[in-house]
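What follows is a short report on a single structure.
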Amino acid sequence: MKLVIGLGNPSKEYELTRHNIGFIIIDMICETLQLKINQTKFNGQYVKTVVNGTDVIFLKPLTFMNLSGFCVSNFMNYFKIKIENVLIIHDEVDLNFGQFQYKQKFSAAGHNGIKSIFNQIGSKDFQRLRIGVGKNPNFNKADWVLSKFSNDELKNIKDHKQFFVESISSWITDIKFENIMNKYNKK
């Protein structure tokens, strides 16, 4: 069983913000696979399905970002999912907008959702897809990640839909994370 988690904040107020890129990507993948995230458990919305013969759960924690770890750890424990079978999708200010990077065993770099997951599962060994949202010198970091994407930025994200669907589907079925990093990380 694999667990793909998109981080974000619940409520209309945070829709289409940089911090909610994880939710945006999960919704995009589920739409492509014709799935509806219509189940709720442990303060998270999810759908359980099969992708290329592998059982997988797509999850959006409904806790606020800073408490994401509670939902993630509950899902891992309940469904008995090993840490190497967990992929977290989240925003990353240290990557320019339009950059994407698969990483493992990496610091939280100030990301409170990632810190919460570290604290709740007691490990940094899970795998991550970092989505670059860049920085803006006219905003402090918290205000920047809570600002909405421009229409051009949203179009750019949608234009990369195939990348997200293909790379995450590959992650679900490939047992070597190094293969995913080598194939999909831009050099």
Side-chain angles (χ1 to χ4, degrees), residues 1-11 14 19-33 35-92 95 100-131 145 164-181 183-185:
M1 169 89 58
K2 298 273 185 123
L3 178 60
V4 180
I5 303 142
L7 296 186
N9 284 311
S11 88
Y14 297 105
H19 226 15
N20 275 36
I21 190 69
F23 281 12
I24 293 168
I25 301 302
I26 290 290
D27 289 342
M28 192 183 297
I29 292 168
C30 288
E31 177 185 321
T32 301
L33 299 176
L35 301 170
K36 290 193 185 293
I37 296 183
N38 57 6
Q39 298 177 69
T40 304
K41 186 183 288 293
F42 306 122
N43 214 3
Q45 283 185 323
Y46 73 103
V47 61
K48 188 176 174 187
T49 190
V50 177
V51 173
N52 299 328
T54 301
D55 291 329
V56 62
I57 294 171
F58 293 102
L59 170 65
K60 296 190 315 187
L62 297 178
T63 56
F64 282 87
M65 184 68 76
N66 299 356
L67 301 174
S68 298
F70 292 100
C71 179
V72 171
S73 65
N74 283 328
F75 267 80
M76 288 176 68
N77 292 333
Y78 182 82
F79 289 103
K80 297 177 178 30
I81 299 171
K82 297 176 183 174
I83 196 163
E84 62 267 19
N85 292 328
V86 174
L87 178 68
I88 309 288
I89 305 167
H90 66 90
D91 61 301
E92 181 58 65
L95 291 176
F100 319 112
Q101 184 183 59
Y102 281 90
K103 273 288 216 200
Q104 184 176 17
K105 299 179 185 178
F106 197 75
S107 77
H111 194 290
N112 290 328
I114 297 299
K115 284 182 192 174
S116 174
I117 295 167
F118 285 171
N119 292 336
Q120 291 304 309
I121 67 174
S123 175
K124 296 178 181 180
D125 290 346
F126 54 84
Q127 297 159 6
R128 297 159 50 182
L129 173 54
R130 301 164 68 217
I131 310 290
V145 297
F164 295 121
V165 172
E166 179 185 317
S167 69
I168 291 169
S169 294
S170 292
W171 177 84
I172 290 168
T173 57
D174 197 325
I175 57 171
K176 290 191 176 185
F177 192 61
E178 296 80 28
N179 294 344
I180 302 302
M181 291 189 295
K183 184 173 182 179
Y184 295 105
N185 286 353

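Predicted model, so just to flag it, every value in this text is computed and none were measured. Both backbone and side-chain heavy atoms feed into the values below; hydrogens, waters and symmetry mates do not.
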- Rounded distance [0.5 Å steps], CD in Gln39 versus CD in Gln45: 10.5 Å
- Is any side-chain heavy atom of Ile131 closer than 4.5 Å to a side-chain heavy atom of Ile89? yes
- Query: Mind checking whether Tyr46 and Phe75 have parallel, tilted or perpendicular rings, split at 30° and 60°?
  - Reply: perpendicular
- Item | Verdict with supporting geometry, Asn43 and Leu67, side chain to side chain contact (heavy atoms under 4.5 Å, CB included) | CA-CA 10 Å; Asn43 214 3; Leu67 301 174; over 6 Å; no
- Item | Minimum heavy-atom distance Ser123-Ile83, with the two atoms named | OG-CD1, 3.3 Å
- Task: State whether the side chain of Asn20 and the backbone N or O of Tyr14 hold a donor-acceptor pair below 3.5 Å, judged by distance alone.
- Result: yes
- Item | Minimum-distance pair of heavy atoms, taken over all atoms of Gly69 and Ser116 | N-OG, 2.8 Å
- Evaluate side chain to side chain contact (heavy atoms under 4.5 Å, CB included) for Met1 paired with Asn85, printing each intermediate quantity in order. CA-CA 7 Å; Met1 169 89 58; Asn85 292 328; over 6 Å; no
- Determine yes or no for a side-chain-to-main-chain donor-acceptor pair under 3.5 angstrom, with Asn185 supplying the side chain and Tyr102 the backbone. yes
- When every non-hydrogen atom of Pro61 is compared with those of Phe23, the smallest separation belongs to O-CZ, 3.2 Å
- Query: NE2/His19 to NE2/His90 distance, rounded to the nearest 0.5 angstrom?
  - Reply: 10.5 Å
- So CD1 of Ile25 and CD1 of Ile29: to nearest 0.5 Å the spacing works out to 6.5 Å
- How far apart are the closest heavy atoms of Leu87 and Leu129, and which atoms are they? CD1-N, 3.8 Å
- Message: Less than 4.5 Å apart, side chain to side chain, heavy atoms only: is that true for Lys41 and Ile57?
- Response: no
- Message: Within the supplied structure, the quantity of interest is the number of heavy atoms (other residues, nucleotides, ligands) at a distance under 6.0 Å from Lys48 NZ; does it exceed 12?
- Response: no
- Query: Is there a side-chain contact between Val72 and Phe126, using heavy atoms and a 4.5 Å cut-off?
  - Reply: no
- How long is the span from the OG1 atom in Thr32 to the CG atom in Asp27, to the nearest 0.5 Å? 10.5 Å
- Message: Does any part of the side chain of Leu7, heavy atoms only, come nearer than 4.5 Å to the side chain of Met65, both counted from C-beta?
- Response: yes
- Can Leu3 and Phe79 be said to form a side chain to side chain contact (heavy atoms under 4.5 Å, CB included), step by step? CA-CA 9 Å; Leu3 178 60; Phe79 289 103; over 6 Å; no
- Item | Value rounded to 0.5 Å, distance of CE in Met181 from CD in Gln127 | 8.0 Å
- Does Asn9 use its side chain to pair, donor to acceptor, with the backbone of Phe64 at less than 3.5 Å? no
- Any side-chain heavy atom of Trp171 sitting closer than 4.5 Å to one from Lys2? yes
- Message: Taking Ser73's backbone N and O only, do any of them form a donor-acceptor pair with Asn77's side chain (distance below 3.5 Å, no angle check)?
- Response: yes
- Side chain proximity check, Asn52 to Ile172, heavy atoms < 4.5 angstrom: no
- Would you check, one step at a time, whether the test side chain to side chain contact (heavy atoms under 4.5 Å, CB included) holds for Ile114 with Arg128? CA-CA 10 Å; Ile114 297 299; Arg128 297 159 50 182; 4.0 Å; yes
- What are the two closest non-hydrogen atoms of Val51 and Ser169, and how far apart are they? CG1-OG, 4.2 Å
- Message: When you compare the side chain of Glu84 with that of Asp125, does any pair of heavy atoms fall below 4.5 Å?
- Response: no
- Smallest heavy-atom separation, Thr63 atom then Pro10 atom, equals O-CD, 3.4 Å
- Non-hydrogen side-chain atoms of Phe58 and Thr49 separated by less than 4.5 Å: yes
- Message: Within this structure, what is the CG-CD distance for the pair Leu95 and Gln101, rounded to the nearest 0.5 Å?
- Response: 5.0 Å
